[in-house]
Number of protein chains: 2
Amino acid sequence: MVCPATRWRRRKEARPQELTAAALELFVEKGYAATRLDEIAAQAGVSKGTLYLYFTSKEELFKAVVREGLLPLLAEGEVLVANAPGPASELFRVIVMRWWEVVGDNPIGGISKLIFAEARNFPEIARFYAEEVIERGKRLLAAALQRGIDSGEFRPFNPDDLVHIVFSPLMMRLVWKHSLDCCGVHTVPVDVYLREYIELMLRGLRSDVV
Amino acid sequence: MVCPATRWRRRKEARPQELTAAALELFVEKGYAATRLDEIAAQAGVSKGTLYLYFTSKEELFKAVVREGLLPLLAEGEVLVANAPGPASELFRVIVMRWWEVVGDNPIGGISKLIFAEARNFPEIARFYAEEVIERGKRLLAAALQRGIDSGEFRPFNPDDLVHIVFSPLMMRLVWKHSLDCCGVHTVPVDVYLREYIELMLRGLRSDVV
DNA sequence: ATTAAATTACCGACCGGTCAGTTATTAAAT
DNA sequence: ATTTAATAACTGACCGGTCGGTAATTTAAT
């Protein structure tokens, strides 16, 4: 840290972004309830009082983290599904790998696990997340599956019945990473996991005609 | 409530079981950290001080809940896998349906979600659970998959690479049930979910030879 | 340019409430 | 009368949110 001649500086523009960044890190590390606003403020180099100048409550701070970190990624994914050429199996592969790259393997991925962990205790946050993130994500994957059915690559099924099942191994790997992974439990390497997952799913989804 | 002549009774034998039952219910409903020992004691009809006569700490109380509720089920599953006759696909079906019956669809299932939710904040509990429950469960499922490979029903793969992937949709459904389900998010009915899951997995696992 | 007044970003002590764990006391059982 | 299961009051640490005061910066007057 650079040692300033002054005790602090006015940086009205930079504060919100620095606070959401600090909040993301600590929310992911400790969860929503267990993260103290004192800590977030300290991590961002301000005091707790300052935090309240920019966000009206802990909950609003959290929502800001989600809006900033997750909604742009969803928008990107929607573009990808709408425009991707080639077979549905290839689209599926790309979605999986890209999702792991930008969500699974990034701090923001910890938010998903946090939601499952604390939805019951913070229903307002859960509802916000379900509407803004989960619904959009489900539509995205269902559209990709539908493309495979339409083209005959995938057997006929109701995409809405399968989105959760198909996505679960990815979500579960992410949950695992942010929970038991930290406690020295053995796990399969990510590249193996993703490869075997994609193969299992494509075999399970493909149509019977050879 | 029956009105007792006395303000309370000495019931040394019954207390531990009543306390673990109350603890299970509240831990599942609110999570580990958010459940107050006052509440558990009240639910069991005693005071908080009494709880400490039978369990040395919140953590030990939790471990007792797991030992009492989950370890007998694992033992039953191990017997099932060791003795079940018939093809591996049928064994897989039975394991899935039975697991949902005794874990997924029972209060004790909430413990699994709790572990994922709070492992990071309570590493000692996570390690205990990983050793006593998860390792045993993984061995159980891996053995069932191995049987299918040996018999030629399943294609060749490393069962240890696939256990997490295969089990994820079940685990995820359970996590969902104890988190976002409570917040009015639409979900597929359980029977449809399980049927589609089993079909997807068996198609994904079966060997190519017809 | 210099200085002084006005503004406001920021600090940090504080409050009300919560909760795991302890202990002094009471009362049931024999 | 003695033993001990059970109670209830208590402790100390913690935390979300508030608020009076302070200091960095801006503006206006000379």
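Note that this is a predicted model, so its numbers are computed, not measured. Below, all heavy atoms of this structure are taken into account, side chains as well, without hydrogens, waters or symmetry copies.
- Each of D/dA6, D/dG16, C/dC11 was ranked by its minimum atom distance to the side chain of B/Arg11; first place goes to D/dA6.
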For residues 62-70 of chain A, which side-chain N or O atoms pair as donor and acceptor with protein atoms under 3.5 Å away, sequence neighbours left out?
unit_1  : atom_1 : unit_2   : atom_2 : d
A/Lys63 : NZ     : A/Glu124 : OE2    : 3.1
A/Glu68 : OE1    : A/Thr20  : OG1    : 3.1
A/Glu68 : OE2    : A/Gln17  : NE2    : 3.0
A/Glu68 : OE2    : A/Thr20  : OG1    : 3.1

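- Between A/Tyr54 and A/Leu61 there is no side-chain heavy-atom pair separated by less than 4.5 Å.
- Here the P atom of nucleotide C/dT7 and the CZ atom of A/Arg10 are 12 Å apart, to the nearest Å.
- Partners of A/Glu60 by side-chain hydrogen bond (donor to acceptor under 3.5 Å, both in side chains), not counting sequence neighbours: none found.
- For B/Lys48 and A/Lys12, each mapped to the nucleotide of DNA chain C holding its nearest heavy atom, the one lying further toward the 5' end belongs to A/Lys12.
- Evaluation of the salt bridge (Lys or Arg N to Asp or Glu O under 4.0 Å) test over residues 21-34 of chain A, restricted to residues two or more places apart or in two chains, returns A/Lys30-A/Glu39.
- The stretch residues 49-65 of chain B touches DNA chain D through B/Gly49, B/Thr50, B/Leu53, B/Tyr54, each having a heavy atom under 4.0 angstrom from the strand.
- Applying the salt bridge (Lys or Arg N to Asp or Glu O under 4.0 Å) test to residues at least two apart or on different chains, the pairs with a partner in residues 173-187 of chain A are A/Asp105-A/Lys177.
- Among C/dA29, D/dT25, D/dA6, the nucleotide with an atom closest to any side-chain atom of A/Arg9 is D/dT25.
- Near DNA chain D, meaning a heavy atom under 4.0 Å from it, residues 26-43 of chain A has A/Ala33, A/Thr35, A/Arg36, A/Leu37 in order of number.
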Enumerate, atom names and distances included, each donor-acceptor pair closer than 3.5 Å involving a side-chain atom of residues 162-169 of chain A, sequence neighbours excluded.
unit_1   : atom_1 : unit_2   : atom_2 : d
A/Ser168 : OG     : A/His164 : O      : 2.7

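- As the counterpart of C/dA13, D/dT18 is assigned, both hydrogen-bonding distances of the Watson-Crick or G-U wobble pattern falling under 3.5 Å.
- Taking the ring centre of B/Phe116 as origin, the terminal cationic atom of A/Lys113 falls outside the region bounded by 6.0 Å and 45° from the ring axis.
- Applying the salt bridge (Lys or Arg N to Asp or Glu O under 4.0 Å) test to every pair with at least one member in residues 83-94 of chain A, sequence neighbours left out, gives these pairs: A/Glu90-A/Arg93.
- Look at CZ on A/Arg15: it is 17 Å from P on C/dT8, rounded to the nearest Å.
- In this structure, B/Glu135 has no side-chain hydrogen bond (donor to acceptor under 3.5 Å, both in side chains) partners at least two apart in sequence or on a different chain.
- Listed by residue number, there are no residues of residues 113-127 of chain A with a heavy-atom contact under 4.0 Å to DNA chain D.
- In this structure, the salt bridge (Lys or Arg N to Asp or Glu O under 4.0 Å) partners of B/Glu18, at least two apart in sequence or on a different chain, are B/Arg11, B/Arg15.
- Scored by the side-chain hydrogen bond (donor to acceptor under 3.5 Å, both in side chains) test, A/Ser179 finds no partners at all (sequence neighbours excluded).
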